[in-house]
> 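After the structure tokens below, expect a handful of questions from me.
All residue numbers refer to positions in the sequence shown, counting from 1.
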Amino acid sequence: MATRRAVGLNVLRKEGAEKVTGRARYIDDLTFPGLLHARTIRSTIPRGEIANIHFDFDRDGFTIVDYRDIPGRNVVALIDDDQPCLVERIVRHVAEPILILTHADRDRLLEAAVRIDYREDTPNYDPQASAVTFKQIAIDKGHLDQGFSAADVVVEGEYRTGHQEQLYIEPNGVIAVPESGGITVYGSMQCPYYVHRALKVLLGLPDDKVRVVQTETGGGFGGKEEYPSMIAGHAALAALKTGRPVKLVYDRVEDMLATTKRHPSIVRHRTGLTRDGRLTAMDIDVVMDGGAYATLSAVVLSRGVIHASGPYRCDNIRIRGRASMTNTPPNGAFRGFGAPQTQFAVEVHMDRIAEELGLDPVRLRELNALRPGDTTATGQRLGNDCSALMVLREAVRKTDFLRRRRLTAPNRGIGLSLFFHGSGFTGAGEVKLASKASLALTPRGVRILVASTEIGQGTRTMHAQIVADALGIPFEDVDVNAADTGEVPDSGPTVASRTCMVVGRILQRCAEEMRSRIGSLAPAKYFKKHGPLVITREYEKPPEIVWDDTSYRGDAYGSYGWACDVAEVQVDPDTWQVTPVAFTTVHEIGKAIHPELTRGQIEGGSAQGIGYALLEEVVMRDGRMANSQLTNYIIPTTLDTPPIEVVIRENPYKNGPFGAKGVGEMPIDGPAPAVVNALRHAGFDIREIPATPERLMKSPAQRSGTRRKGTGRHAR
């Protein structure tokens, strides 16, 4: 077979035609004979105990499901089994699910009135004051005391980030169908095997009695990583009790009110430096608000603390992190997964350091940026694909940053951020997942069998490009199977910038083995002559990767992507509104399998990060999201987003498919600190986002956070 080329080209998306023509069917487009609709009855208090439930409606035709209808364990199985699928007695947050109602008539279902009496308790909304800690992590490198002894200057600061709503286009939704003594769930989701495991535990069913099928999914951003296990459980319980298919689809208000969000954070830095700007010590404390249940807080915290020292070389580092319980809806996965919070803090802190030392912020970063051979906070020695200086210098050159920074104008500023992002699961995560992928011959070519989901980012297309080139066949001859647990192996969740680097690499190995097996025959000819052939391979850890989960030492990730953002902003002197007027981002991602899809990921993540910086504020009142609708939860539109110039650089990772690393999450790590640093250049000392007009009005003039040795001077 002649070698063909698809990798690196902007081939047509596998699902593009169906989406453009409207033939793609999402969960709310689907129906089944005898379908019932479902509705969730939720708590209205943040903390307390259920005293009584009153059903103020004619119950004819209704089915009511509560915790007593659960045949297995009443938990949403994930990491820590602390979250009930349905409340039994104790309420820990507003909008906690208590009952499921079903009816054939959706209007009657929505009109049904349920009153719940409570014995209320005092809630806690402060993660720092919480008596319950979900996870604590300590990272130590070198000797902190020695590092501070060597410092001429110590700079301190505290930085805060709030909730952020994923706001995918399509709300959560599933249909559960009872079949052959088991259950099949169709739904909008990122991780079918997460749902599969959760349903087995909840329903007390074996593997072969639970099937999960991802339907066309209108976005996820992490919000459909773990939460679909909850809604799938509710629909499945109702379907098993009624013996009929049950559809449960949230409206926008319910989706925003009840589902997970980005963890708010409080990050404190104490940093020692020499007079010329070299880092000698970094002491960092991270507190994350986990909400009422653990969900994924432990692993969000993990990625957050590993990235907390930024892409900088320092011999003496101490990082302490904890995720605490509060009486708000649980927080969970969101694009960036803890890294945006901590990299916001370190990058804003770096600009404050530069200001205190009288250094240019570019020079400070050039002095301290990680280089090949340097070690990270966990002691990971970086290889030749470390590109911090590459992206920094390219961004500075591309934007003429230094000259434009000198050209001061009223209420206008320019700032930058340098950041990195680990690709794949943290530490030993990929080994524990033991992901599998399969490649099967078909009469016309080959079919990819993975549980990795297409949620708008281009998974099907990118995987098909990798297989086509590794096998030496046309891209058009590669099909992609639906993410159906009844048909595909568990290739792990579609998260953590792992779908290309990790699953794509497994598929590349499958294709290489198949090419060896079929020899000179084309796949279709081999199939016709010899019949079916399926190649399955499992993740293999590169031998050089070593990690200790106990000490948090070693190689946290197989590889890192590197990026630098430059933002320019204008502040209206009357309204205090911030307008981003220019944005440039340089990303080094190993290899762009599909350059246009890569560019789309970077543009989208950058816009989402600009919203995080300036607009997206979840207003919590008495533990409840008070602005759970699109009229008052503000995200950037095309009118709010500046022109985004994307520069893609490639420094291949030897264990990635064709050198590729991850790209999906990294773009959201850098925009917020770049924007806030631009505001600092314009004269505003902002240390909490979003940087709303109200926060700008209250921000003090730029103030010192420096304590010089011998002066006793100290300020935050």
Side-chain angles (χ1 to χ4, degrees), residues 135 137 139 159-164 166 221-223 225 261-267 269 282 284-290 296-312 317 319 321 323 331-350 370 376-378 380 382 387-388 391 417-427 429 495-498 501 552 556-565 585 587-589 601-602 604-606 608-613 661-676 689:
K135 181 71 173 180
I137 296 174
I139 296 176
Y159 309 91
R160 293 177 178 247
T161 65
H163 289 94
Q164 187 183 18
Q166 293 91 346
F221 306 117
E225 177 176 346
K261 303 195 174 12
R262 187 183 299 286
H263 291 69
S265 72
I266 304 164
V267 183
H269 277 261
M282 303 179 80
I284 306 169
D285 182 72
V286 179
V287 178
M288 289 190 177
D289 182 348
L296 292 169
S297 289
V299 281
V300 171
L301 178 70
S302 172
R303 185 174 287 266
V305 295
I306 288 171
H307 288 78
S309 55
Y312 300 111
I317 298 175
I319 303 172
N331 299 308
F334 196 138
R335 186 183 207 163
F337 211 73
Q341 294 95 310
T342 56
Q343 293 200 86
F344 167 76
V346 70
E347 281 303 286
V348 174
H349 193 62
M350 288 295 280
L370 287 164
T376 66
T378 66
Q380 178 170 358
L382 298 172
S387 305
V391 296
S417 62
L418 179 65
F419 52 104
F420 68 154
H421 198 94
S423 298
F425 262 37
T426 300
V495 301
S497 292
R498 65 181 302 276
M501 190 185 85
Y552 253 69
Y557 303 98
S559 184
Y560 296 84
W562 307 84
C564 185
D565 287 350
T585 181
H587 272 57
E588 189 282 292
I589 50 124
Q601 284 286 289
I602 296 170
S606 297
Q608 204 168 31
I610 290 169
Y612 186 42
K661 307 173 186 178
V663 68
E665 293 195 290
M666 186 166 63
I668 204 169
D669 290 349
V675 167
V676 167
I689 54 173

> Sort and list the pairs that fulfil salt bridge (Lys or Arg N to Asp or Glu O under 4.0 Å) and have at least one residue in residues 337-348, not counting sequence neighbours.
Glu347-Arg365

> A side-chain contact here means heavy atoms from C-beta on lying under 4.5 Å apart; do His263 and Phe334 qualify?
no

> Assess whether side-chain contact (heavy atoms from CB on, under 4.5 Å) is satisfied between Ile589 and Met666, documenting all intermediate values.
CA-CA 9 Å; Ile589 50 124; Met666 186 166 63; 3.9 Å; yes

> Ring-plane angle category for Tyr557 and Tyr560, please: parallel below 30°, perpendicular beyond 60°, tilted otherwise.
perpendicular

> State, with a plain yes or no, whether a side-chain heavy atom of Ser302 is found less than 4.5 Å away from one of Ile137.
yes

> Please lay out, stage by stage, how Phe337 and His307 fare under the test ring pair (Phe, Tyr, Trp, His ring centres under 6.0 Å).
CA-CA 11 Å; Phe337 211 73; His307 288 78; over 10 Å; no

> What's the verdict on side-chain hydrogen bond (donor to acceptor under 3.5 Å, both in side chains) for Thr585 and His587, showing C-alpha distance, side-chain angles and the deciding distance?
CA-CA 6 Å; Thr585 181; His587 272 57; 2.9 Å; yes

> Within the 4.5 Å heavy-atom criterion, are Phe420 and Asp669 side-chain neighbours or not?
no

> Any idea how Tyr159 and His349 line up, ring-wise: parallel (<30°), tilted (30 to 60°), or perpendicular (>60°)?
perpendicular

> Going by heavy atoms in the side chains, are Pro340 and Glu665 under 4.5 Å from each other?
no

> Quick one: does His421's side chain get under 4.5 Å of Arg303's, heavy atoms only?
yes

> Under the side-chain contact (heavy atoms from CB on, under 4.5 Å) criterion, do Phe419 and Asp565 qualify, and how do the steps go?
CA-CA 8 Å; Phe419 52 104; Asp565 287 350; 3.5 Å; yes

> Could you work out, with salt bridge (charged side-chain N to carboxylate O under 4.0 Å, His left out) as the rule, every residue matching Arg498, not counting sequence neighbours?
Glu430

> What distance do Arg262 atom CZ and Asp289 atom CG have between them, rounded to the nearest 0.5 Å?
14.0 Å

> Ignoring hydrogens and angles, tell me if any N or O in the side chain of Gln166 forms a donor-acceptor pair with the backbone of Ala333 under 3.5 Å.
yes

> Working note: Ser297 + Lys135, criterion side-chain contact (heavy atoms from CB on, under 4.5 Å); need CA distance, chi angles, decisive distance, verdict.
CA-CA 7 Å; Ser297 289; Lys135 181 71 173 180; over 6 Å; no

> Could you tell me whether the side chain of Met282 reaches within less than 4.5 Å of the side chain of Val346, counting heavy atoms only?
yes

> Any non-hydrogen side-chain atom of Ile319 less than 4.5 Å from a side-chain atom of Tyr552?
no

> List in chain and number order the residues that pass salt bridge (charged side-chain N to carboxylate O under 4.0 Å, His left out) with Glu588, two or more places apart in sequence or in another chain; answer none if no residue qualifies.
Lys661

> Mark yes or no for whether Thr342, through its side chain, and Val305, through its backbone, hold a donor-acceptor pair below 3.5 Å.
no

> Looking at side-chain heavy atoms only, is the closest gap between Phe425 and Val495 below 4.5 Å?
yes

